[in-house]
Amino acid sequence: MNKGWIGFLAGLVLVGSAWAQRPDTIVIAQGVDVTVLDPNNQLETPTANVLSNIFDTLYMRMPDGTARPWLATGVRAINPTTWEMTIRQGVKFHNGEELTAETVKWNFDRVIDPQKPLRISNSWANLASVQVINPTTLRFTTRNPFPVFVTRLTGFYILPQKYVTEGGNRYLQEPVGTGPYKFVRWVRDQQFELEANPNYWGGAPKIRRVIFRPIPEASSRVAELVSGGVDIITNLVPEAVNAVRASGAAEVRSVPSIRNIFIMLNTSGKADSPLANPKVRLALNYAVDKRTIVKNVLGGFGQPTGCSLNSYIFGYDARSCQPYEYNPARAKQLLAEAGYPNGFTMTMGSPNGRYLNDRQVAEALVGQLAQVGVRVELRVQEWSTYVGQILERRIPTDAVLLGWGNNEFDADNSLYSLFYGGTVRGGPRQVAFSYIRSVPLDNALLQAQRTTDPDQRKKLYLDALRVLRAEAPWIFLHQQEDLYGVAKRVDWKPRPDERLFVADMALK
Amino acid sequence: MAAYLIRRLALVLVVVWGTATLAFFLLFLSGDPVNLLLPLDATPEVREQFRKANGFDRPVWQQYLSYMGRAVQGDLGISLRNQTPALGLVLERMPASMVLAGAALLFAVVFGVLAGVIAAVRKGTTLEFVVLFFALLGQSLPVFWLALMLILVFGLELRWLPISGYGVGPLPGLPALANLVLPAIAVGTFSMAAITRLTRGGVLRELRSDHVRTARAKGLSERVVIYKHALRNAAIPVVTVIGLQLGNLLSGAVITETIFAWPGVGRLVLTAVTQQDFPVVQAAVIVFAVLLAVINLVVDLLYGVLDPRVRYA
Amino acid sequence: MRKILRAPSATIGIGLMILFVLMAVFAPLISPHNPTQQDLQAITKPPGTEGHLLGTDRLGRDMLSRIYHGARLSLVVAVAGVLIGAAIGIPLGLLSGYLGGRVDDFLMRLGDIQLSLPFILLVIAIIAALGPSLTNTIVVLGVTSWVLYARVVRGEILSLKEREFVQAAHALGASGRRIMLKHLLPNAAGPLIVVATLELARLIVTEAALSFLGLSGVPPEIPSWGQMLADGREVLFFGGWWVATFPGVAISLLVLGINLFGDALAEVLDPRSR
């Protein structure tokens with residue numbers, strides 16, 4: 001090998017490290033790339049995390065879970081099915097287009113058009129019409145009372161009407177919003193570049209340039225973080241926490257997530273099937289040592305729970321949501337009372353890599369249930385197949401591990417969506433997940449969905465939680481904690497809703 | 001020759017059509033794409049609207065016919081996730097895949113042929129044994145394991161080369177050379193091993209053959225004999241391997257592309273299949289089928305150039 | 001056989017293969033622990049920890065015992081997959097080569113089509129339709145590998161068909177089936193054995209790759225090197241190098257062994273590579 005050859009190699013290496021750590025640029029690595037540039041036609045966390053820097057919502061979710069006026073300056077209920085909204089004045093899109101009440105109306109009309117449904121349309125099925133009262137005021141009419149109206153506004157992004165309607169497909173290539181960052185360019189599967197919007201209505205953000213990079217392999221993400229290639233990585237595994245800390249290059253930051261993990265049980269079997277018996281289901285809950293699972297399988301990053309809610313969520317009640325204690329003796333006794341002194345055999349499904357150490361959690365659970373004589377055959381499946389089978393109500397197994405991230409922060413989304421069984425006369429059909437049939441439960445859930453009085457709703461949800469406590473329709477496991485690897489130079493606190501608002505970040 | 005070409009091109013069409021058809025029905029077997037497009041708690045009404053808007057409410061054979069009808073006109077549909085033309089998404093990833101495959105092949109051929117010749121010329125020595133052993137080792141390392149080890153050694157420990165990504169290359173659309181090195185080695189090692197062994201076998205056979213003996217008898221130097229005669233004739237099996245491997249290199253780089261965050265077609269296909277983005281999978285399948293068929297054709301034609309004995313009938 | 005053993009590399013290869021086969025056969029006897037026994041109080045313990053020579057995995061299971069048992073899965077999947085692939089591919093190759101014409105065209109195009117389809121798509125669709133299980137995983141691997149056998153048999157037959165002894169059998173009035181089974185197949189045996197050996201190695205790696213991508217249907221209660229590697233890769237650089245490293249080394253060694261053996265076999269059985 002001659003000297004020229006070595007010099008050539010050295011040159012290669014230098015070119016490669018050209019973009020690491022620049023003082024005005026932050027690099028963020030997520031597992032997957034953005035899919036689409038229309039924020040109202042996507043439901044993926046990684047996509048929303050990028051686009052929510054370009055687009056603003058009407059209300060903003062605060063880190064404590066409350067919703068705060070954002071592009072809207074306020075919402076007022078006129079009666080249970082009519083709402084009035086005022087719009088922030090003087091807000092301009094990145095292309096100079098002005099935000100008016102007309103813009104907002106057009107955005108809603110677009111989402112509720114039944115001919116061209118968008119992926120968020122399901123959330124707005126209750127909305128009948130929107131009228132513009134004056135340039136800053138709108139009136140919303142809903143089919144049924146809509147208590148979650150304001151909380152759903154935190155997921156509704158505002159696009160520029162003229163740009164979208166008159167520019168052909170350009171809005172799908174060069175997105176224009178009102179947000180703190182402007183779109184620069186996107187090379188699919190490589191990088192997504194943003195630059196600060198100096199004229200942002202909320203004040204110019206501190207970091208000038210942002211690069212989002214999709215790095216699918218978790219180990220590659222950590223390697224990049226530790227070697228200084230990226231500043232923030234999502235979904236760090238708990239086992240790597242100590243080593244990342246010890247590397248000295250980065251810190252680990254975590255936050256209790258809005259997501260709960262649980263085992264959904266198929267309770268709809270014949271009366272003599274074990275899972276149709278509440279005593280058996282209660283026994284399963286007692287047989288699982290949630291604390292040990294959280295401590296060891298999740299490295300302590302999580303909270304055991306006893307219901308499908310967590311403390312961020314409206315309607316949460318600490319007493320009814322207390323985790324079932326770990327008591328294998330009691331579990332065995334209940335199983336004996338139910339007529340299964342020697343346990344029974346069931347099948348369980350689990351996804352693989354969808355939630356924090358999901359597969360490991362499922363395997364640990366199998367081990368613990370075996371201790372009380374319940375033999376579980378675990379079947380791990382690829383997500384798309386898994387979800388399809390759950391939704392089509394042909395669960396191939398008696399139980400499935402699922403996680404539920406309630407991005408509305410309201411019990412409606414964690415109770416009605418998961419348990420409503422359609423037993424109310426004249427009421428809606430059951431939801432896809434529900435296997436439990438309880439008239440009092442369904443009554444409470446449907447009423448709470450159609451009442452706007454917060455105190456009344458809280459009481460109804462308490463009723464619902466009590467029914468669930470007695471029925472134990474699922475094995476409740478834990479509230480997940482989200483783990484991020486963060487370079488030392490980054491000043492940022494993670495949020496419960498997984499969003500990565502760069503405007504909240506600063507470089508030291 | 002012309003008749004041969006026409007016949008081969010007709011077969012290409014048959015294979016592409018068959019592949020697209022099979023893929024279409026396999027996709028239906030894999031599930032309902034609406035399940036993943038909507039929130040898990042979406043109401044049946046909204047699901048129905050969505051099915052209708054995307055044409056999934058029609059019988060499968062109708063969907064198939066209308067898909068094929070549009071496909072022959074070059075319209076492969078719109079990605080369900082990305083809302084952009086599916087074919088564009090696939091073609092956009094092609095340069096990255098081709099650059100990686102090309103670099104891997106270059107690596108494999110250069111080092112494979114070199115090692116193969118050495119092993120043949122030094123037959124019976126320890127050197128031959130060592131070269132062959134390492135060639136087999138290279139063929140035995142699973143690509144995911146090799147890729148992770150390369151990152152560990154050259155990315156994390158020595159910090160010589162970037163760990164992941166495409167980088168910014170000398171020309172738009174090209175990767176930074178430093179970013180290309182590790183993925184190319186990971187993908188190319190398997191082929192390198194195969195080429196080493198084939199080259200060795202080919203050169204050995206040729207060294208024993210009549211025309212090499214004649215060349216030697218004419219007093220040509222050993223070096224000329226090896227490089228001019230033996231190597232040229234040993235090139236045929238190497239071309240075969242390249243043809244076989246190029247298809248694999250292009251479509252089989254899924255794992256390497258995932259580990260190195262390389263923006264190639266393999267990664268796109270994996271994502272699209274797991275997201276049930278039917279039009280994208282379908283477009284990728286068609287593009288690959290065409291590409292593979294063309295590669296096979298080119299390889300067959302190359303035989304003719306390299307070996308005058310091969311005739312096309 | 002003696003010829004094969006003459007090469008030192010073949011000896012190493014056979015040695016490695018015997019080692020892993022013994023490991024698989026006697027796994028329950030030589031394992032210090034039950035390979036599925038979890039200990040959540042002792043997760044991800046490094047090699048050399050009391051009672052765990054190779055350490056423990058992310059659920060506190062003994063790595064050494066899992067490596068022993070993992071050999072079973074790899075070998076079973078590979079051998080069964082090769083048998084299925086050969087059982088489909090050889091008859092189709094015989095038909096294709098012997099009958100020629102339309103049958104040949106159809107079968108060979110079918111092979112081209114199958115090879116053009118992305119493997120991931122085939123796996124997901126088949127596993128989605130049949131459900132995740134060990135058997136179905138083997139079926140996927142086996143069914144998708146018929147083309148190579150068919151092509152090899154067909155190629156051999158095309159070159160044999162015109163040879164004197166086949167022509168003679170024809171002239172003597174032997175039936176087509178008889179000619180295929182008695183005369184053509186045995187002559188194709190050498191290359192077939194070589195191909196099958198290499199396929200054995202390929203299937204071991206493919207099964208592991210499926211686990212790596214999260215697409216394998218093998219149930220978690222069966223220890224699998226591929227799954228162990230997939231589980232461990234997230235902690236490979238930080239947190240527990242051993243969880244992925246030992247299965248990674250095990251796969252590489254077994255595949256190396258098979259390849260060394262296959263290589264020596266090829267030198268003897270396949271005259272073209274001699």
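No experiment lies behind these values; they were computed from the predicted model shown. Numbers restart at 1 for each chain; the letters A, B, ... are given by sequence-line order, proteins then strands. Scope of the values below: all heavy atoms of this structure, side chains included, with no hydrogens, waters or symmetry mates.
Rounded to the nearest 0.5 Å, atoms CZ (C/Arg109) and CG (B/Leu11) are 5.0 Å apart. With rounding to the nearest 0.5 Å, the separation of CG in B/Leu22 from CG in C/Leu122 is 7.5 Å. In this structure, the separation between OG1 on B/Thr274 and CG on C/Leu215 is 8.0 Å, given to the nearest 0.5 Å. Note that OG of B/Ser140 and CG of C/Asn259 are 4.0 Å apart. Values are rounded to the nearest 0.5 Å. The CD1 atom of C/Ile113 sits 7.0 Å away from the CH2 atom of B/Trp17 when rounded to the nearest 0.5 Å.
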List the atom pairs, with distances to 0.1 Å, where a side-chain N or O of residues 114-121 of chain C and a protein N or O form a donor-acceptor pair under 3.5 Å, not counting sequence neighbours.
residue, atom, partner, partner atom, Å
C/Gln114, OE1, C/Trp146, NE1, 3.0
C/Gln114, NE2, C/Thr144, O, 3.4
C/Ser116, OG, C/Asp112, O, 2.9

Pair C/Leu236-B/Met149, side-chain contact (heavy atoms from CB on, under 4.5 Å): steps then yes or no: CA-CA 10 Å; C/Leu236 177 61; B/Met149 287 299 109; 4.1 Å; yes
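If you tally non-hydrogen atom pairs under 4.5 Å between each of C/Ala125, C/Ala129, C/Gly257 and chain B, the highest count goes to C/Ala125. Interface check for chain C: of the options B/Val14, B/Leu141, B/Leu152, the most heavy-atom pairs under 4.5 Å are formed by B/Leu152. Contact count against chain B (heavy-atom pairs under 4.5 Å) is highest for C/Val205 among C/Val205, C/Ile204, C/Thr206.
Contact annotation for B/Leu136: both backbone and side-chain heavy atoms come within less than 4.5 Å of a heavy atom of chain C. Residue contact with chain B, scored on non-hydrogen atoms closer than 4.5 Å, is absent for C/Ala201. Only the side chain of C/Leu229 has a heavy atom closer than 4.5 Å to any heavy atom of chain B. In this structure, the portion of B/Ile259 lying under 4.5 Å from any heavy atom of chain C is its side chain and not its backbone. Looking at B/Val281, only its side chain comes within 4.5 Å of chain C, counting heavy atoms on both sides. Contact annotation for C/Thr245: both backbone and side-chain heavy atoms come within less than 4.5 Å of a heavy atom of chain B. In this structure, the portion of C/Leu213 lying under 4.5 Å from any heavy atom of chain B is its side chain and not its backbone.
Pairing each heavy atom of B/Pro142 with each of C/Ser252, the nearest pair is CD-OG, 3.5 Å. The shortest non-hydrogen separation linking C/Leu256 to B/Phe133 is CD2-CZ, 4.0 Å.
Using a 4.5 Å cut-off on side-chain heavy atoms (C-beta onward), B/Ile163 and C/Phe237 make no contact.
Remark: C/Phe212 engages B/Phe144 in a ring-ring contact (aromatic ring centres under 6.0 Å, His included) (not counting sequence neighbours).
Around CZ of B/Phe25, the count of heavy atoms belonging to other residues, nucleotides or ligands within 6.0 Å exceeds 12.
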